[in-house]
Number of protein chains: 2
Amino acid sequence: MLPEPYDLLPTTARQSQTIAAGDALFRQGARTRGLYVLITGRVHLERVGPHGERLIIHRATSGTSFAEASVFSERYHCDAIVMDAGELVRIDKSAVLAAFANPDFARAYGHQAAQQVQAHRQIMEIVAIRRAEDRVMAGIVAGLLDGTVVDFAARLQLTHEATYRALRALVEAGRVNNPSRGTYRLT
Amino acid sequence: MLPEPYDLLPTTARQSQTIAAGDALFRQGARTRGLYVLITGRVHLERVGPHGERLIIHRATSGTSFAEASVFSERYHCDAIVMDAGELVRIDKSAVLAAFANPDFARAYGHQAAQQVQAHRQIMEIVAIRRAEDRVMAGIVAGLLDGTVVDFAARLQLTHEATYRALRALVEAGRVNNPSRGTYRLT
DNA sequence: GGCAGCATATGATTGAAATCATATTCCAGA
DNA sequence: TCTGGAATATGATTTCAATCATATGCTGCC
């Protein structure tokens, strides 16, 4: 099943495809066809700088959409390169634009987008915290430690080593519980 | 004038107010009234952690909206505290929800939200770059150095000292031009 | 015109996270 | 059941950005 709000679109608006590592889904300057929902695999969006530097714009992960803004644009403004093989669903630009006439879709889109913006803002505030221990604590309070510590560390823009050390310090300070290997909870 | 897409709403949906430092626009758990557009001043959104830690969720700046997700929620999930006095416009929740029935508003909202998400993703990728010099270069390529270097440094989550040093190194490496004090351009 | 405040700029020192290294546990799959 | 890979965990060392310090240029304003 597609994530909200794209589950509300008619099935004719979707087109599944498998992708192989190295594939380019689109290139900067190409006419936009729509947005994508990544089911499995990894995709990078990147732009090329004036001196040939590859600047990664976004790393799409399973279950998330990307290139949403292309729906409102004539041309893609970056390249989409498949890093790991997988599958995805392309969602037709015109179908999305048309769906905005449906208030249910429009509200679902708005809701989803507003939540995403909120989540991004919060992550950015947390990542702005300099001390690893404070950052990790904030991350836990924000509920970011749901999966593995390795994933958590990546979200906090810390190495996993620094994250483990901060977690241990927090446990020793009595601010966090470590009931079992790999699980940490607020006291 | 209000930023897109709120400029499309009827004037009856807006309510201007001046705000003083220390004011709480809303508190966590209060019934939602709508979102806000900050005209001047500074507002922090913050939540209180389980041990009383103040966790900043977002720092709103002039010309931007905040608490957008409250439109889709019954209760505010954080506090909004005025840091610097100024003025803002409150935008009625029900008016926004109703406006989603207008495809023009819905598309304008979607467009604005999609662009904002894109910008956030890009900033997060840039901030993830560890080396100050690479980070500053990426920031310039991304067009983030429009105002002062101090602002630029804050966006990159670097101190302005580190940013100046990186800029100088880039100039010395011939990757950036420094035509005059305080102005830097790609070569 | 003088002063206060801020941006620009750079040097010296410090500190904390990255990096490198290593060991153990856990889990999936052959 | 064995094996390989990843997550967990922590120690030692290094690196580089933060911090502290200082100076100058610019701007607004009283």
Side-chain angles (χ1 to χ4, degrees), chain A residues 21 40-42 59 61-62 83-86 123-140 144-185, chain B residues 21 40-42 61-62 83-85 123-140 144-185:
Chain A
T40 57
R42 276 193 315 135
R59 296 158 211 254
T61 53
S62 305
M83 305 308 288
D84 291 352
I123 290 261
M124 289 197 297
E125 288 295 341
I126 290 171
V127 167
I129 299 171
R130 300 246 196 246
R131 282 217 332 142
E133 200 176 318
D134 296 343
R135 192 136 121 213
V136 166
M137 186 64 193
I140 296 174
L144 262 39
L145 178 42
D146 45 358
T148 69
V149 175
V150 169
D151 289 349
F152 180 58
R155 290 208 238 178
L156 296 183
Q157 318 269 46
L158 284 175
T159 59
H160 59 92
E161 295 98 320
T163 306
Y164 281 118
R165 275 185 257 274
L167 283 168
R168 181 164 58 102
L170 288 168
V171 169
E172 271 163 19
R175 305 218 286 154
V176 169
N177 274 356
N178 181 207
S180 74
R181 188 180 160 91
T183 60
Y184 297 87
R185 275 199 211 88
Chain B
T40 56
R42 277 192 316 134
T61 52
S62 306
M83 304 308 289
D84 291 351
I123 289 261
M124 289 197 295
E125 287 294 341
I126 291 172
V127 166
I129 299 171
R130 302 247 195 246
R131 282 220 329 145
E133 201 177 318
D134 296 343
R135 193 138 119 209
V136 167
M137 186 64 193
I140 295 173
L144 262 41
L145 177 43
D146 45 359
T148 69
V149 175
V150 168
D151 288 348
F152 179 58
R155 289 209 241 179
L156 296 182
Q157 319 268 45
L158 284 175
T159 59
H160 59 92
E161 295 99 320
T163 307
Y164 281 117
R165 274 186 257 275
L167 283 168
R168 182 164 58 103
L170 288 168
V171 169
E172 273 162 19
R175 305 218 286 154
V176 168
N177 275 356
N178 181 208
S180 74
R181 188 181 160 90
T183 61
Y184 297 87
R185 277 200 211 88

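We use all heavy atoms of the structure for the numbers below, so side chains are in, but hydrogens, waters and symmetry mates are not. Here the structure is a predicted model, which is why all the values come from computation and not from measurement.
Without hydrogens or angle criteria, A:Arg135 side chain to A:Ile129 main chain gives a donor-acceptor distance under 3.5 Å.
Comparing C:dA17, C:dT8, D:dA17 against the side chain of A:Ala132 picks out C:dA17 as the nearest.
Phosphate contact (OP1/OP2 of C:dA18, side-chain N/O of B:Arg130, threshold under 4.0 Å): present. The phosphate of D:dT10 (OP1 or OP2) has a side-chain N or O of A:Arg168 nearer than 4.0 angstrom. For D:dT8, one of the phosphate oxygens OP1 or OP2 lies less than 4.0 angstrom from a side-chain nitrogen or oxygen of A:Tyr164.
Taking both residues in full, the closest heavy atoms of B:Leu144 and B:Arg155 are given as O-NH2, 3.3 Å, listed atom of the first, atom of the second, then distance. What you find for A:Met124 and B:Gln157 is that their closest heavy atoms are O-NE2, 3.4 Å. The shortest heavy-atom contact between A:Asn177 and A:Val171 is C-CG2, 4.4 Å. Nearest heavy-atom pair, A:Gly41 versus A:Ser62, reported as atom, atom and distance to 0.1 Å: O-OG, 4.0 Å. B:Phe152 and B:Val136 make their closest contact through CZ-O, 3.7 Å (heavy atoms, listed as atom of the first residue, atom of the second, distance). Here the closest non-hydrogen pair linking B:Thr163 and B:Ala153 is OG1-CB, 3.1 Å.
As rounded to whole Å, 7 Å separates atom P of D:dA18 from atom CZ of B:Arg135. Going from atom CG of B:Leu167 over to atom P of C:dT8 covers 10 Å, rounded to whole Å. Separating the CG atom of B:Leu170 from the P atom of C:dA9 is a distance of 13 Å, rounded to the nearest angstrom. Separating the CD atom of B:Glu172 from the P atom of C:dT10 is a distance of 8 Å, rounded to the nearest angstrom. Between the CD atom of A:Glu161 and the C1' atom of D:dA7 there is a distance of 12 Å, rounded to whole Å.
Taking the side chain as every heavy atom from C-beta outward, A:Arg59 and A:Arg42 never approach each other to under 4.5 Å. You'll find the side chain of A:Asp151 reaches within 4.5 Å of the side chain of A:Thr148, heavy atoms only.
Of the residues in residues 152-160 of chain B, B:Gln157, B:Leu158, B:Thr159 come within less than 4.0 Å of DNA chain D through at least one heavy atom, sorted by number. Using a 4.0 Å cut-off on heavy atoms, the residues of residues 175-185 of chain B that approach DNA chain C are B:Arg181, B:Gly182, B:Tyr184, listed by number.
Salt bridge A:Glu161/A:Arg165: absent, no basic N to carboxylate O contact under 4.0 Å.
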Any chance you could lay out the side chain to side chain contact (heavy atoms under 4.5 Å, CB included) test for B:Arg175 and B:Ile140, step after step, and finish with the verdict? CA-CA 11 Å; B:Arg175 305 218 286 154; B:Ile140 295 173; over 6 Å; no
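For A:Arg165 and D:dG11, a side-chain-to-base donor-acceptor distance below 3.5 Å is present, hydrogens and geometry of angles not being considered.
Over its full length, the helix from C:dG1-D:dC30 to C:dA30-D:dT1 turns its helical axis through 50°, comparing axes from the five pairs at each end and rounding to 10°.
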